[in-house]
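Quantities reported herein were computed from a predicted structural model and do not represent experimental measurements.
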Amino acid sequence: MKSPRTAKCRTGVFLLTVCVLVGTAAALAWLGPASKKGAVLAKYNYWQFWLAILFTLAALSVFLVATVRPDRRRGVAFRLLAAWIGVALGMTLTEFAAYLLPIRNQMDNPWYFSAGGGVSESAELPFARPPHLKWSGWSRGDLATVDGEEDPDARWITFETDWQGFRNSKDLKQADLIAIGDSFTEAGNLPEEESFCALVGRQLGVSARNLGRAGYGAWSELLVLKHYGLACRPKLVVWQIAESNDLENAMRFAKWVAAGRPPFFDFDADRKWQRQKAWMQRSPTFQIFGWLRRHEPASPWPGGIFQGQRGVGRLVRFLGLAPLDGSVRENLWLPFHWEALNQGVKLCRSNNIQLVFIMIPNKYRVLGPHTRMLDASIAAPVSVPATGRSNTLGGLSQTWCDSRGVPFVDATDALEARAAKGELVYQAFDTHLSTAGHEVVAELLLETFQNLNPPTNKSVSPQE
């Protein structure tokens, strides 16, 4: 039979061993991580930070049990265990609730195409917007909003939809000019009157209706033209192409259709990202982590100093740094993208509608050559002239449109010319055009329309 002294000795050795092991784990958790951006103390990401806290608290708990009088150890150990179980259970339930609760709008702007109040179901389109939606609030750049970064260019905007869920504050049943496209056309990050659609309509003196919608690609835009655009009896159609994501959206649309058109935000891979962002906004542990890293370089987006007017540098961020001369000729989804545009060309011609395509280039293509990157290992790219862009989406689109006799406008050179003068034609912490950028696009379209002798009749009165 073991003596009490032997039992106490073995208990002490056991506690000391556990304390050393857990303490070593805590030390490794604090000392192991390498330096990184977006981390607490520039070292610890979310999981590393809380794992280090967990091991530290566990080591302190074991040390506390080991240092109390032997006759009190059992009581202290049970109380600590009860506290651990209670806190762990409470935090687990809280974190699960933060992850599993219905996703709300995760952006400052409900117009963004994430799930929530800004989207609704659609029979044929991936998603729609609720009719007569109205929201007013601060519009921060999408890159800033995703990472909780302050945006010095944030603006107060009002976002309204018409009776069919498109971004128009008035219910135009007929419009001489319609614009279809994605977020560059919808322009939810700016006041409605500053979008290129509204600017062109005012300058031409015609009624204009914005049928753009964030997150759409060529096939969704073709459906918009068929089901909504033709009913407006337009004389002019502007079809906006996005270099940044049109081919990706073609892929997503094809896979969505092949899957039987399920609810888009349940099917699409973005759903997992959206749920993660919802959790990050609700989770108490992530809120603590975010608060602690507030003064650290949190953004994962590459950034640099754009050479602004009068030599004043501006911090700008980019979604990606794709090679400016990269070829998309072999992209598997390019023919699928062309087919949607081809159907749109035939549809407009059969209805005696003048169609003009305009391409909005990637932000990095325009601002990159005039930006000194913060990461010294990233050299500012060299501007690629139009003659050297034959294999890019802009160059291929020009050739494709020329072969079909359809006007095509590549906004790259005009935007870069303004950027070279120090004008910020994209928002600093956003992937989309600034007010100045929309003005450039509007000028290009006006010049094109004037060469086509567009109609200049007075606007059709809006029917509320």
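Listed for the Asn351 side chain is no donor-acceptor partner under 3.5 Å among the backbone atoms of Ile353. The main-chain N or O of Asp325 is never found under 3.5 Å from a side-chain atom of Arg365 such that the two would form a donor-acceptor pair. A donor-acceptor pair under 3.5 Å links the side-chain atoms of Arg389 to the main chain of Val384, judged by distance alone. Remark: side-chain polar atoms of Trp239 are not paired, donor with acceptor, to backbone N or O of Ile358 under 3.5 angstrom. Under the 3.5 Å distance criterion, the side-chain polar atoms of Asn245 are left unmatched by any main-chain donor or acceptor of Glu248. Between the Ser434 side chain and the Leu424 main chain, a donor and an acceptor come within less than 3.5 Å of each other. The closest donor-acceptor contact from the side chain of Lys43 to the backbone of Gly32 lies at 3.5 Å or more, if one exists at all. Judged by distance alone, with hydrogens and angles left aside, the side-chain atoms of Gln174 form no donor-acceptor pair with the main-chain N or O of Leu172 at under 3.5 Å. Between the side chain of Arg261 and the backbone N or O of Glu124 there is at least one donor-acceptor pair closer than 3.5 Å. Under a 3.5 Å cut-off, the side chain of Thr399 and the backbone N or O of Gly395 do form a donor-acceptor pair.
Contact between Gln48 and Pro33 at its shortest, heavy atoms only, is OE1-CB, 3.7 Å. Across all their heavy atoms, Trp256 and Pro262 have their closest contact at NE1-O, 2.6 Å. Scanning both residues, Leu396 and Asn391, for their nearest heavy atoms gives CD1-O, 3.7 Å. Contact detail for Ile157 and Leu190: the closest heavy-atom pair is CG2-C, 4.0 Å. Nearest heavy-atom pair across Ser183 and His432 is OG-NE2, 2.6 Å. Gly229 approaches Pro234 most closely through the heavy-atom pair O-CD, 3.3 Å.
The aromatic rings of Tyr46 and Phe289 stand perpendicular to each other, their planes meeting at an angle above 60°, with 30° marking the opposite boundary.
Atom CG of residue Leu367 and atom CD of residue Glu423 lie 11.0 Å apart, to the nearest 0.5 angstrom. In this structure, CG in Asn331 is found 4.5 Å from CG in Leu247, a value given to the nearest 0.5 Å. If you take NE2 on His370 and NZ on Lys421, they are separated by 11.5 Å, rounding to the nearest 0.5 Å.
In this structure the side chain of Ile241 reaches within 4.5 angstrom of the side chain of Leu393, judged on heavy atoms. Using a 4.5 Å heavy-atom threshold, the side chains of Trp219 and Val257 count as separate. When side chains are defined from C-beta on, Thr161 does not count as touching Lys134, because their heavy atoms never get closer than 4.5 Å. For the pair Val206 and Leu236, the minimum side-chain heavy-atom distance is 4.5 Å or more. For the pair Leu143/Thr431, a side-chain contact is recorded, criterion being any heavy-atom separation below 4.5 Å from C-beta on. Contact check for Tyr426 versus Asn362: no side-chain heavy atoms found under the 4.5 Å cut-off. You'll find the side chain of Gln164 reaches within 4.5 Å of the side chain of Arg209, heavy atoms only. Looking at Ile178 and Val238, their side chains never come closer than 4.5 Å, going by heavy atoms from C-beta outward.
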Derivation and outcome, side chain to side chain donor-acceptor pair (under 3.5 Å), residues Glu447 and Asn451: CA-CA 6 Å; Glu447 181 181 349; Asn451 294 333; 4.9 Å; no
Step-by-step side-chain contact (heavy atoms from CB on, under 4.5 Å) determination, Phe196 to Leu445: CA-CA 9 Å; Phe196 71 77; Leu445 289 171; 3.7 Å; yes
Candidate pair Gln354 and Lys235, rule side-chain contact (heavy atoms from CB on, under 4.5 Å), full reasoning: CA-CA 6 Å; Gln354 177 62 64; Lys235 298 179 178 66; over 6 Å; no
Worked check of salt bridge (Lys or Arg N to Asp or Glu O under 4.0 Å) between Arg155 and Glu194: CA-CA 13 Å; Arg155 298 180 61 185; Glu194 295 180 13; 2.8 Å; yes
Glu95 and Trp279: CA distance, side-chain angles, deciding distance, side chain to side chain donor-acceptor pair (under 3.5 Å) verdict: CA-CA 8 Å; Glu95 296 298 323; Trp279 167 78; 2.7 Å; yes
Criterion side-chain contact (heavy atoms from CB on, under 4.5 Å) on Asp182 and Ser220, from CA distance to verdict: CA-CA 9 Å; Asp182 58 14; Ser220 298; over 6 Å; no
Intermediate values then yes/no, side chain to side chain donor-acceptor pair (under 3.5 Å), Asn210 and Glu186: CA-CA 7 Å; Asn210 189 335; Glu186 190 178 38; over 6 Å; no
Full working for ring pair (Phe, Tyr, Trp, His ring centres under 6.0 Å) between Phe408 and Phe357: CA-CA 5 Å; Phe408 173 77; Phe357 288 103; 7.4 Å; no
Test log, rule side-chain contact (heavy atoms from CB on, under 4.5 Å), inputs Trp50 and Ile288: CA-CA 10 Å; Trp50 285 111; Ile288 295 172; 4.0 Å; yes
Working for side chain to side chain donor-acceptor pair (under 3.5 Å), residues Ser383 and Glu416: CA-CA 9 Å; Ser383 175; Glu416 190 183 341; 2.7 Å; yes
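A salt bridge does not link Asp162 to Arg129: none of the charged nitrogens lies less than 4.0 Å from a carboxylate oxygen. A salt bridge does not link Arg167 to Glu160: none of the charged nitrogens lies less than 4.0 Å from a carboxylate oxygen. Salt bridge status for Arg317 with Asp151: absent, with no side-chain N to carboxylate O gap under 4.0 Å. A salt bridge is defined here as a Lys NZ or Arg NE, NH1 or NH2 lying under 4.0 Å from an Asp or Glu carboxylate O, and Lys226 with Glu221 fails to meet this definition.
For the ring-ring contact (aromatic ring centres under 6.0 Å, His included) test with Tyr216, the passing option among Phe184, Phe127, Phe166, Phe253 is Phe127; the others fail.
Considering only residues two or more places apart in sequence or on other chains, Trp338 meets the ring-ring contact (aromatic ring centres under 6.0 Å, His included) condition with Trp400. For Ala254, the side chain to side chain contact (heavy atoms under 4.5 Å, CB included) partners two or more places apart in sequence, or in a different chain, are Trp333, Phe336. Among residues two or more places apart in sequence or in another chain, the side chain to side chain donor-acceptor pair (under 3.5 Å) test is passed with Ser244 by none.
Inspection of the Asp176 and Ser207 side chains reveals an N or O donor paired with an N or O acceptor under 3.5 Å.
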